[in-house]
Amino acid sequence: MAEKLKKAAVIGSGAMGHGITQLLAMSGIEVTMVDVSDEFLQKGMEKIKWSLGKFVEKKRIRQEDADAALSRIKTTTSYEEAAKDIDLAIEAVPENMELKKQVFAKLDSMAPPHAILASNTSTLSITEMGNATKRPEKVAGMHFFNPPQLMRLVEVIRGAKTSDETVQTVLDVAHKMQKETVLVKKDCPGFIVNRILIPALNEAVAL
């Protein structure tokens with residue numbers, strides 16, 4: 001399924017958003033990065049160019065690969081422009097459920113019916129985000145770790161109504177990015193990594 005995925009949108013150009021955009025572009029996918037202002041988008045693009053430059057410098061990729069990845073990235077402040085013909089959207093906005101539900105409702109109203117909508121949330125309910133759409137079976141979690149360009153793990157989270165096909169496609173996309181995946185079968189707060197990490201941090205603070 002991942003081979004059929006040609007176009008994507010990433011909502012948010014911050015620390016996670018620009019990194020996810022870069023990964024998609026390096027995987028051969030055309031991607032549009034969306035944010036609320038051109039200033040934020042410009043900063044995100046500068047970070048992508050810097051990161052790709054580092055990859056070239058360390059001989060992880062060739063200059064022509066970096067140039068090809070950059071050529072696959074567009075930016076816009078318009079959801080409609082970004083979502084009109086995508087196969088996948090990945091939301092990477094701040095960890096605020098109401099904001100995320102607004103983003104998912106917008107994407108749902110503008111993206112083609114076949115498009116998968118994924119969230120990079122680290123702790124919030126995928127089921128609740130899916131319920132903000134008319135396609136909950138096509139909503140999943142795709143949690144990258146910071147910085148996405150370097151961290152190997154991606155948590156793929158199944159919401160209560162997420163279909164098997166959606167889960168498999170998201171796993172395939174992550175593998176296409178050369179990531180290691182762990183499938184979270186139950187949509188619980190914190191998923192796997194943060195469900196372990198946060199109690200451990202709380203215990204350290206208590207001590």
Side-chain angles (χ1 to χ4, degrees), residues 2 5-96 99-100 102-112 115-122 129 140-155 170 172-179:
L5 198 153
K6 303 297 183 188
K7 291 189 176 183
V10 174
I11 316 304
S13 61
M16 300 303 291
H18 83 263
I20 296 167
T21 298
Q22 178 181 326
L23 286 169
L24 287 164
M26 289 174 70
S27 302
I29 296 166
E30 290 181 37
V31 53
T32 303
M33 187 165 62
V34 186
D35 215 319
V36 294
S37 75
D38 289 326
E39 181 185 356
F40 289 162
L41 290 166
Q42 186 178 344
K43 286 179 180 176
M45 285 304 300
E46 286 169 3
K47 289 174 183 174
I48 290 171
K49 289 172 186 174
W50 179 87
S51 177
L52 287 169
K54 281 291 180 185
F55 275 36
V56 172
E57 184 183 314
K58 294 180 182 294
K59 296 184 167 34
R60 292 183 62 174
I61 62 174
R62 299 169 300 172
Q63 183 62 53
E64 49 265 45
D65 297 326
D67 294 340
L70 274 176
S71 74
R72 295 185 191 105
I73 300 172
K74 296 176 184 174
T75 62
T76 184
T77 56
S78 165
Y79 274 77
E80 192 169 11
E81 182 184 336
K84 62 184 176 184
D85 57 356
I86 55 167
D87 306 300
L88 169 71
I90 302 176
E91 165 275 311
V93 304
E95 289 287 89
N96 176 300
L99 175 61
K100 288 181 184 290
Q102 288 171 23
V103 168
F104 271 82
K106 270 190 192 178
L107 290 170
D108 184 45
S109 69
M110 297 173 184
I116 289 172
L117 310 179
S119 174
N120 180 55
T121 182
S122 57
M129 291 179 219
M142 194 176 190
H143 177 215
F144 294 79
F145 292 81
N146 196 11
Q149 301 96 319
L150 301 179
M151 298 295 278
R152 292 294 304 276
L153 184 66
V154 172
E155 287 182 308
V170 174
D172 290 345
V173 171
H175 295 153
K176 191 172 183 177
M177 295 178 182
Q178 300 183 331
K179 297 298 182 185

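Heavy atoms only: backbone and side chains are in, while hydrogens, waters and symmetry mates are out.
- The minimum heavy-atom distance between Ala82 and Ala9, with the atom names listed, is O-CB, 3.9 Å.
- Between Glu95 and Lys100, at least one side-chain nitrogen of the basic residue sits less than 4.0 Å from a carboxylate oxygen of the acidic one, meeting the salt-bridge criterion.
- For the residue pair Ala8 and Ile86, the shortest heavy atom distance occurs at C-CG2, 3.7 Å.
- When side chains are defined from C-beta on, Phe144 counts as touching Leu23, because their heavy atoms get closer than 4.5 Å.
- Salt-bridge check for Glu57 with Lys54: passed, with a basic side-chain N closer than 4.0 Å to an acidic carboxylate O.
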- prompt: Given the rule in the side chain to side chain contact (heavy atoms under 4.5 Å, CB included) test, do Ile11 and Phe104 qualify, once you have shown the distances and angles that lead to the verdict?
  reply: CA-CA 10 Å; Ile11 316 304; Phe104 271 82; over 6 Å; no
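- Between the CE atom in Met142 and the CG atom in Leu117 there is a gap of 13.0 Å [rounded to 0.5 Å].
- No side-chain N or O of Glu81 forms a donor-acceptor pair with one of Thr32 less than 3.5 Å apart.
- Contact annotation: the side chain of Thr75 never approaches that of Ser13 to less than 4.5 Å [non-hydrogen atoms, C-beta and beyond].
- Side chains of Val103 and Tyr79 form a contact here, defined as non-hydrogen atoms less than 4.5 Å apart.
- Residue-environment remark: CD (Gln178) stays at or below the threshold of 12 foreign heavy atoms within 6.0 Å.
- Between the Ser27 side chain and the Ile29 main chain, no donor and acceptor come within less than 3.5 Å of each other.
- Between atom CG of residue Asn120 and atom CD of residue Glu155 there is a gap of 10.0 Å, rounded to the nearest 0.5 Å.
- Between the side chains of Gln42 and Asp38, no donor-acceptor pair of N or O atoms lies under 3.5 Å.
- The minimum heavy-atom distance between Leu99 and Pro94, with the atom names listed, is CD2-CD, 3.8 Å.
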- prompt: Would Met177 and Leu24 count as a side chain to side chain contact (heavy atoms under 4.5 Å, CB included) if you check the C-alpha gap in whole Å, the side-chain angles of each, and the deciding distance to 0.1 Å?
  reply: CA-CA 7 Å; Met177 295 178 182; Leu24 287 164; 3.1 Å; yes
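- We find the CE-CD1 distance between Met45 and Ile73 to be 4.5 Å, quoted to the nearest 0.5 Å.
- For the pair Asp65 and Met26, the minimum side-chain heavy-atom distance is 4.5 Å or more.
- Heavy atoms only, all atoms of each residue included: Ala92 and Ile20 are closest at CB-CD1, 4.4 Å.
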task: Just do the side chain to side chain contact (heavy atoms under 4.5 Å, CB included) check on Asp87 and Lys6 with the steps written out, would you?
output: CA-CA 7 Å; Asp87 306 300; Lys6 303 297 183 188; 3.9 Å; yes
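- The 12-atom threshold is not exceeded at CZ of Phe40, counting heavy atoms of other residues, nucleotides or ligands nearer than 6.0 Å.
- Looking only at side-chain heavy atoms (C-beta outward), Ile48 and Met33 come within less than 4.5 Å of each other.
- Lys74 contributes atom NZ, which lies 6.0 Å from atom CD of Glu30 (distance to the nearest 0.5 angstrom).
- To the nearest 0.5 Å, atom CG of residue Leu153 and atom NE2 of residue His143 are 8.5 Å apart.
- Shown here for Leu41 and Thr77, the closest heavy-atom pair between the two residues is CD1-CG2, 4.0 Å.
- For the pair Ile116 and Leu5, the minimum side-chain heavy-atom distance is 4.5 Å or more.
- Using a 4.0 Å cut-off between charged side-chain N and carboxylate O, Lys84 and Glu80 make no salt bridge.
- With rounding to the nearest 0.5 Å, the separation of CD in Gln149 from CD in Gln22 is 4.5 Å.
- Between Val170 and Ala140, the shortest heavy-atom contact is CG2-CB, 4.2 Å.
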